[in-house]
Every structure is written in structure tokens, then in C-alpha cells.
S.K.: 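Below you'll find the structure I mean.
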2 protein chains.
Amino acid sequence: MDDLKLIRRKPRSDMVRNRERLLDAAKFVFSAGGPDASLEAVARRAGLGIGTLYRHFPTREALFEAVYRHEVEELGAYAERLKSGVAPVDALRLWLHANVELVATKKGMLAALALATHAPADLYAYSLDRLTRAVGELLQRAVDTDEIRSDISPEDLIRALVGMCHLHDQPGWQVSVLRLVDVFVDGLRIRG
Amino acid sequence: MDDLKLIRRKPRSDMVRNRERLLDAAKFVFSAGGPDASLEAVARRAGLGIGTLYRHFPTREALFEAVYRHEVEELGAYAERLKSGVAPVDALRLWLHANVELVATKKGMLAALALATHAPADLYAYSLDRLTRAVGELLQRAVDTDEIRSDISPEDLIRALVGMCHLHDQPGWQVSVLRLVDVFVDGLRIRG
DNA sequence: TGCAAAACGGAGGCAGCCTCCGTATATTCG
DNA sequence: CGAATATACGGAGGCTGCCTCCGTTTTGCA
């Protein structure tokens with residue numbers, strides 16, 4: 001067939017299956033309990049041993065990355081889409097709002113976004129890179145048209161976003177946070 | 001002397017002394033390790049049993065409140081002072097900057113500030129109340145002169161502040177955060 | 001079918017949270 | 001001063017969560 005066969009055997013079926021189970025369980029547990037939820041709870045929900053979880057995902061962050069890879073990719077793609085057809089500043093605002101809404105549904109997303117700024121190097125995956133780049137271009141576009149200040153990095157923006165989403169367990173937080181985000185975007189604009 | 005004597009005996013000397021020791025230890029441990037530092041470490045540093053710590057401060061938050069009461073009062077007083085002699089928006093900015101600098105020195109302060117928005121009722125102390133009021137007046141002053149928007153509450157402002165201070169362990173974060181704060185204050189302003 | 005490689009499970013060691021209660025000590029009063 | 005008693009102290013103990021390590025099981029391959 002191919003040379004790979006000579007080097008590696010095909011991945012074990014139970015391993016593939018268990019990985020999926022762990023991701024499903026983690027998605028559930030993190031969405032409900034937030035990023036600090038117990039990893040043993042994840043393993044329990046997956047019906048697997050804790051050792052198996054750690055073999056698949058050596059750190060909590062690695063698990064975040066895998067669980068929310070899809071969402072992060074979508075956010076990156078959305079940012080890319082917003083680059084055309086929408087006014088630069090509006091694009092920024094829309095994108096940030098989309099983030100808030102995603103976090104509202106899946107609490108764990110916060111941690112995944114934070115990864116885009118914490119950069120633990122070894123798991124700085126493609127999706128995170130794409131996200132950061134896309135946001136950077138969103139910012140740059142607005143800078144190029146002299147609409148916003150130029151001293152804010154993509155990381156700064158994401159950090160601010162994550163920060164404003166934090167601390168909000170109380171009901172109705174979403175409205176407040178969206179307002180704070182609007183204030184922030186307004187603050188980015190150069191006063192004409 | 002007075003009727004109190006008839007009802008209660010004078011507080012035990014060791015109790016008074018130990019309370020001080022615990023506060024000193026907590027100040028040290030929280031400033032270094034942040035608000036999540038181990039309470040047992042606090043007790044150890046104070047040279048006291050963990051039970052003693054819990055008897056004095058039933059919850060972590062109660063300890064925060066006591067440890068940072070002084071700082072919170074100073075922040076409140078500073079806000080009150082800024083109400084005169086400084087332009088409304090500048091006053092806001094200055095006050096927020098002071099917060100960031102305080103948090104930079106004493107990591108635990110973040111948690112104390114967060115208390116001002118989380119309001120666990122039973123320990124919503126005078127100092128926290130004063131702080132919130134003072135910030136509210138700072139905001140109101142700028143609203144009254146039509147300089148900033150009127151839909152941001154003191155709690156919103158403090159939450160945004162705390163959020164932006166979060167997540168910043170990396171060296172040099174202070175500069176970024178101050179910039180984010182400036183952006184935010186700019187965003188509060190009504191565009192003229 | 002047998003064998004090696006790969007993956008699994010969970011016990012175990014560690015740390016932190018918080019409670020409970022036997023022991024120690026300060027204050028008060030005779 | 002010396003009980004008596006209210007008050008505070010200490011830390012063991014039960015619990016949960018983190019993470020590692022290794023004996024056991026399962027899988028893929030020939």
C-alpha cells in the first residue's frame with residue numbers, strides 16, 4: 001500500500017474510539033462547569049480511566065485545544081469572512097460579539113481563547129494561529145483606513161475580550177459584556 | 001466602666017494577636033502567590049493551625065476583605081479626592097491607573113476588587129460600599145457634563161478593570177493593561 | 001493462532017479544602 | 001491567688017482533585 005505501513009502500524013481502534021469519547025465528555029463537562037471542571041469528572045463521564053485521559057491529553061490545555069479546535073477554526077473563518085463586505089470597525093465589533101455569544105454557550109471556550117494569547121508553544125495549533133492572524137488582519141484593515149489606533153495587538157484584543165468575559169456567572173451578564181465590548185471598540189477608534 | 005462588661009468579657013489577648021498574625025501572613029502570601037494561594041500556607045506562615053484561620057475568617061473572601069480593607073479604603077478616598085480639581089474623564093483614567101498599579105504590587109487586590117462586584121452580602125463591608133459609591137460619583141460627574149455615556153454602572157467599570165487585569169502573569173503586562181484601560185476610557189467618551 | 005506493541009485502568013502519593021472536637025489558655029470571680 | 005468557665009487553639013481526618021507509574025488487557029500483524 002504505502003511506506004507508512006512499514007514504519008507504523010495502524011492506530012488501534014479502541015484508542016481512536018476513546019479519544020472521541022473523551023472529547024465528547026470534555027465538551028459536556030467544560031461547557032457546564034467551565035474550564036476548571038475536574039478532569040476526573042471528564043474521565044468518569046467518558047467511562048474511562050483517568051490514566052487514559054492523561055495519555056491522550058497530557059495537560060488540561062491540550063484538552064482545551066482539542067475540544068475547541070472546531071470552534072476556534074470557525075471563529076478564524078468568520079474573521080476572514082468579515083474582511084470583505086463589512087466596514088472595518090463594524091467587522092471588529094461583529095467578531096467580538098460572536099465570541100461573547102460562543103462563550104455564553106460553552107464556558108470552556110474562554111480557556112481556548114486564552115490559549116491564543118498564552119502561547120504554550122508546544123500546542124500552539126494551526127487553528128489558534130489562524131485565529132490570531134485573522135484578528136490581526138481585521139485590526140490592520142481598520143488601522144490602514146485610519147479608523148483605529150495602531151498600538152493594539154491581536155493578543156491585546158483577545159486578552160481584553162477574555163478579561164471582560166471573565167467573572168460573569170450572574171444572570172444577564174451577556175448584555176453587560178456586550179456593552180463593555182462596544183465601549184472598547186469605540187475606544188479603539190481615532191477621534192475625528 | 002460600661003455595661004458591655006456585664007454582657008461580654010474582654011476579647012482574649014491571644015485571639016487579637018493571632019488575628020494580626022494571620023492578616024500579616026495572608027498579605028504576604030496573597031501578594032506573592034495571588035488570590036488562589038493556599039490557605040494552609042497562610043496558616044503555616046502565621047505559625048498557627050489551620051483551624052484558627054478558619055475560625056477567624058470563615059471563607060477565603062472574608063480573608064480578602066480583611067486583608068485589603070485598608071487598600072480598598074484608600075482607593076475609595078482617592079476617588080473622592082479626584083472629584084475636585086481634575087477634569088471628570090481624567091479623574092476616571094487616573095483612578096483606574098492607580099488600580100492597575102496597586103494590583104501590580106499586590107496580586108491579591110484583584111480578588112478584593114472583584115468583591116466589590118460580586119457582593120456576597122454578608123461581608124459587603126463599609127469600605128467596599130464606599131468604593132463603589134465613590135466610583136459611581138466619578139462616573140456620574142462625567143455623565144452630568146455630557147462627557148461619557150450614561151449606561152455604564154460602577155460595577156461594570158470595576159468588572160472591566162478586573163477583567164483586563166486578569167490573565168497577566170507575563171512580564172511587562174502592566175504597560176499593555178494601562179493601554180487597554182486608556183482605550184476603554186476613550187470608549188466611554190461621547191464622540192463630539 | 002501466537003506474539004509483541006500499544007493502550008488501558010486505577011491504585012497511590014501528594015496537596016488543598018474544610019470540619020470537628022479534645023486540649024490548652026485567658027479571664028473572671030471568690 | 002486559685003479555681004471555674006468561657007473561649008480559642010491545633011491538627012487529625014475525611015474528602016476531592018491532580019498526576020504518575022506500572023501490572024494487566026486488548027489490538028494489530030504475520
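In the text below, chain A, chain B and the rest are named by the order of the sequence lines, each starting its count at 1.
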S.K.: Under 4.0 Å between a side-chain N/O of A:Ser13 and OP1 or OP2 of D:dG28, yes or no?
M.R.: yes

S.K.: Rounded to the nearest angstrom, tell me the gap between atom NZ in B:Lys10 and atom P in C:dT25.
M.R.: 18 Å

S.K.: I need the CD-P distance between A:Glu40 and D:dC15, as an integer number of Å.
M.R.: 15 Å

S.K.: Does A:Ser38 put a side-chain nitrogen or oxygen below 4.0 Å from OP1 or OP2 of D:dT16?
M.R.: no

S.K.: Mark yes when over 12 heavy atoms from residues, nucleotides or ligands other than A:Lys83 sit less than 6.0 Å from its NZ; otherwise mark no.
M.R.: yes

S.K.: Separation of B:Leu53 atom CG from D:dA8 atom P, in whole Å?
M.R.: 15 Å

S.K.: Which whole-number value in Å describes the distance from A:Arg17 CZ to C:dA6 P?
M.R.: 18 Å

S.K.: If you find the nucleotide of DNA chain C closest to B:Asp36 and the one closest to B:Pro11, which residue's nucleotide is nearer the 5' end?
M.R.: B:Asp36

S.K.: Any side-chain donor-acceptor pair under 3.5 Å between A:Ser38 and A:Glu40?
M.R.: no

S.K.: Counting only heavy atoms and a strict 4.0 angstrom limit, can you tell me which residues of residues 54-63 of chain A come near DNA chain C?
M.R.: A:Arg55, A:His56

S.K.: Are the side chains of A:Lys106 and A:Val67 in contact, using a 4.5 Å heavy-atom criterion?
M.R.: no

S.K.: Within this structure, what is the CG-to-P distance between A:Leu39 and C:dG10, rounded to whole angstrom?
M.R.: 17 Å

S.K.: Check for a donor-acceptor pair, side chain of A:Thr145 on one end and backbone N or O of A:Ala142 on the other, with a separation under 3.5 Å.
M.R.: yes

S.K.: Between atom CG of A:Leu92 and atom CZ of A:Arg141, what is the distance when rounded to the nearest 0.5 Å?
M.R.: 8.5 Å

S.K.: Between A:Ile50 (CD1) and D:dC19 (C1'), how many Å, whole number?
M.R.: 8 Å

S.K.: Is there a path of hydrophobic side-chain contacts, each under 4.5 Å between heavy atoms, that joins A:Leu53 and A:Met15?
M.R.: no

S.K.: Please report the distance, rounded to the nearest Å, between CG in B:Asn18 and P in C:dA26.
M.R.: 10 Å

S.K.: Just by modelled atom types, is the A:Val177 backbone N or O under 3.5 Å from a matching donor or acceptor in the B:Arg159 side chain?
M.R.: no

S.K.: For the pair made of CG in A:Leu48 and P in D:dT25, what is the distance, rounded to whole Å?
M.R.: 17 Å

S.K.: Please check the phosphate of C:dA7 (OP1 and OP2 only) for any side-chain N or O of A:Thr52 closer than 4.0 Å.
M.R.: no

S.K.: Please list, pair by pair, any protein nitrogen or oxygen found under 3.5 Å from a nitrogen or oxygen in nucleotides 3-6 of chain D.
M.R.:
none

S.K.: Roughly how far, to the nearest 0.5 Å, is OH of A:Tyr54 from CZ of A:Arg60?
M.R.: 7.0 Å

S.K.: Between B:Asp129 and B:Thr132, is there a side-chain donor-acceptor contact under 3.5 Å, judged purely by atom types and distance?
M.R.: no

